[in-house]
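Heads up: the structure comes next, in structure tokens.
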Amino acid sequence: MCGITGWVSYQRDLTAQQDVLDAMTETMACRGPDARGTWTAHHAALGHRRLAVIDLPGGAQPMTVDTPDGAVTMVYSGEAYNFTELRDELRRAGHRFTTDSDTEVVLRGYLEWGEGLTDRLNGMYAFAIWDDRTEKLVMIRDRMGIKPFYYYETDDGVLFGSEPKAILAHPLVEPVVGLDGLREVFSFAKSPGSAVWQGMREIRPGHLVVLDRQGLRERCYWKLEVTGHTDDREVTVRHVRELLDDIIERQLVADVPRCTLLSGGLDSSALTAIAALQLDEKGERVRSFAVDFPNQAENFQAIDVSPTLDTPYVHAVAKHVNSDHSDIVLDGSALSDPAVRRAAVGARDLPIGLGDRDNSLYLLFKAIREHSTVALSGESADEVFGGYPWFHDEEQRSADTFPWLAGLGRGMGPGMMLHEDLKSRLDLETYVRDNYLDARRSAPVGDGETGLERRMREVCHMHLTRMVQSLLDRKDRMSMAVGLEVRVPFCDHRLVQYVFNTPWSLKTFDGREKSILRGATRNVLPASVADRKKSGYPGTFDPDYLRAIQEQTRELINAQSPVLDFYQRDLLLAATKAESQHITQAQRAVLERALDLAVWFDLHHPVLQLD
């Protein structure tokens, strides 16, 4: 896992631009605390920050292979979980390796198969290859978009980076945000390829972008497809378990300490239990971590996406699998610390976070990093197996909008409490509607699929191509901000494709959410956890946290912060005065967003173009 950046210019000599490359590379220091490297040629400059996970002595980057026709150089972020098999195949084809790293496998794989390498990789990755033989840059992002990758087209080339901040560090780039950028910030409806910053794009999952002297072009190399499903329930459940066993075994490979993120829900408990079995065979004990808050049992308020406390279930799993477990307890003062918010917003580059849930995730990962370098997460299982409440609510799943928006409470929709003039300019309702219709049109439909099966095909596709992108981006940014590599087994493309093609009736064969996953892993879980209802990542209900963010927002108002131009001031002020036991979810969310916006302005000084 690492941070990458680079610059290709066909009209400049980039060997004279080392200071610019250094500035871009240093923005990725948190993603790669172990080493840095840069490489320049006449028309290409590549930068790399390394988090060493496999082959710690080797694997330095940028990595170059010299050929008779010219050098081929790569910067790479991620992990190829099938690198051992690929290395064996490449050796049989005549390649000789000088390191044990997966990085060299990917680079030599390009030499052997060219862009066809994409069809062979299993993993999470974002990498760029400068091929001096043809003066071509190839940029590739993994199938599910686990690793971020951005680019900015210039008059004579391109800039790229793992995160927008690497591109924004370049003097050619002005941090301009237009109406569409703000629509992305406030709409809860992520548009594939959008990067918010004007002129910047995100490489879409399963895509590669190629730049040569003829220009820049993008190509899709993988997407979800309808393939039909003929396996019965027993075979389906067994195959999912076989896939999970293989996936987790691959993703436990590392030359550094690793652990699991354990919430006590079905997803994280299943992967922790399987990991425990596999490590036990090697004489090892699985390490697990969970987040908790002081007095959470006394302050807890059940909501649809989080109906139960995590801790009792966490401890039940830890005892059941004999994990070496730790609870990371975060109090309200830590969560409301302005320095923590600044770090969290800085990690995401955008004020589109989830308030205390972002702050707590950052602090959780920071604490875990003191013990482990790699963590396995249950992220995306809800999207793959159909776990959210709205999958199973007829009104929400049939609504003519994104199902996750249909269930929002009063005042919680896109643009809540925004200033009326700004709300009118943004016209978020139309923006969300257009995004929804585009998402619906892009969903593949099987022959003869009608009614509920067809609708759930669309709903599942929306989650796997839209919603999951926001969650994966959040997980990556918060973890890499502290140099922690988080792996997501449920995003293995083989599992995603297989489960996507199971009929909805099979996904819910026991009348509940995530039936297939429950059936595949029940035998390794405590009954209480196997039967637990879906509960999302927890938030704090600490009244000290609420009082702190109210006070901090009042300070923004008194200081006449530019953030006030975004909101109806009277509503914002009312939210700062509400009693903690009576504050609504909408009021709390707006306070947190206002504070995030203030940090964002201070960090990036965005230039708003609202015409």
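Residue indices begin at 1 and follow the sequence shown.
- Look at D356 and R588 and you find a salt bridge, because one of the NZ, NE, NH1 or NH2 atoms lies within 4.0 Å of a carboxylate O, short of that distance.
- For the pair F293/V329, no side-chain contact is recorded, criterion being any heavy-atom separation below 4.5 Å from C-beta on.
- In summary, E202 and R141 engage in a salt bridge, as defined by a charged side-chain N under 4.0 Å from a carboxylate O.
- Rounding to the nearest 0.5 angstrom, the gap separating the CD1 atom in I549 from the CG atom in N359 is 9.5 Å.
- For R547 and D544, the salt-bridge test passes: some basic side-chain N is under 4.0 Å from an acidic carboxylate O.
- Considering only heavy atoms from C-beta on, S360 stays 4.5 Å or farther from Y362 through its side chain.
- Taking CG of L159 as the reference point, atom OH of Y150 lies at 15.5 Å (rounded to 0.5 Å).
- At least one side-chain heavy atom of M478 sits less than 4.5 Å from a side-chain heavy atom of F365.
- P148 has its side chain within reach of D473: a pair of non-hydrogen atoms, C-beta onward, lies under 4.5 Å apart.
- Of the charged side-chain nitrogens involved, at least one lies within less than 4.0 Å of a carboxylate oxygen, so that D349 and R477 count as a salt-bridged pair.
- Side chains of Q198 and E174 form no contact here, defined as non-hydrogen atoms less than 4.5 Å apart.
- Looking only at side-chain heavy atoms (C-beta outward), V599 and P351 stay at 4.5 Å or farther from each other.
- For the atom pair S561 OG and L556 CG, the distance stands at 5.0 Å (nearest 0.5 Å).
- Here the side chains of F601 and P606 are in contact, with some heavy-atom distance below 4.5 Å.
- Under the 3.5 Å distance criterion, the side-chain polar atoms of R425 are matched with a main-chain donor or acceptor of L610.
- The side-chain hydrogen bond (donor to acceptor under 3.5 Å, both in side chains) test applied to E26 returns R36, R49, not counting sequence neighbours.
- Classification of the F402-Y436 ring pair by plane angle, with boundaries at 30° and 60°, yields perpendicular.
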- [ ] Given salt bridge (charged side-chain N to carboxylate O under 4.0 Å, His left out), test E218 with R204 step by step and report yes or no.
- [x] CA-CA 9 Å; E218 184 174 9; R204 290 179 289 174; 3.5 Å; yes
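- A salt bridge links E379 to K475: at least one charged side-chain nitrogen sits closer than 4.0 Å to a carboxylate oxygen.
- Judged by distance alone, the side chain of R397 and the main-chain N or O of F391 form a donor-acceptor pair under 3.5 Å.
- For the pair R474 and Y537, the distance from NZ or CZ to the six-membered ring centre is under 6.0 Å and the angle to the ring normal is within 45 degrees.
- Of the charged side-chain nitrogens involved, at least one lies within less than 4.0 Å of a carboxylate oxygen, so that D438 and R466 count as a salt-bridged pair.
- Relative orientation of the F490 and F385 rings is perpendicular, given thresholds of 30° and 60° on the angle between their planes.
- A donor-acceptor contact shorter than 3.5 Å is absent between the side chain of S191 and the backbone of S194.
- Here the straight-line distance linking atom CG of L484 with atom OG of S372 works out to 7.5 Å at 0.5 Å rounding.
- Using a 4.5 Å heavy-atom threshold, the side chains of W404 and Y388 count as separate.
- With respect to the salt-bridge test (charged N to carboxylate O, under 4.0 angstrom), the residues D596 and R348 do not qualify.
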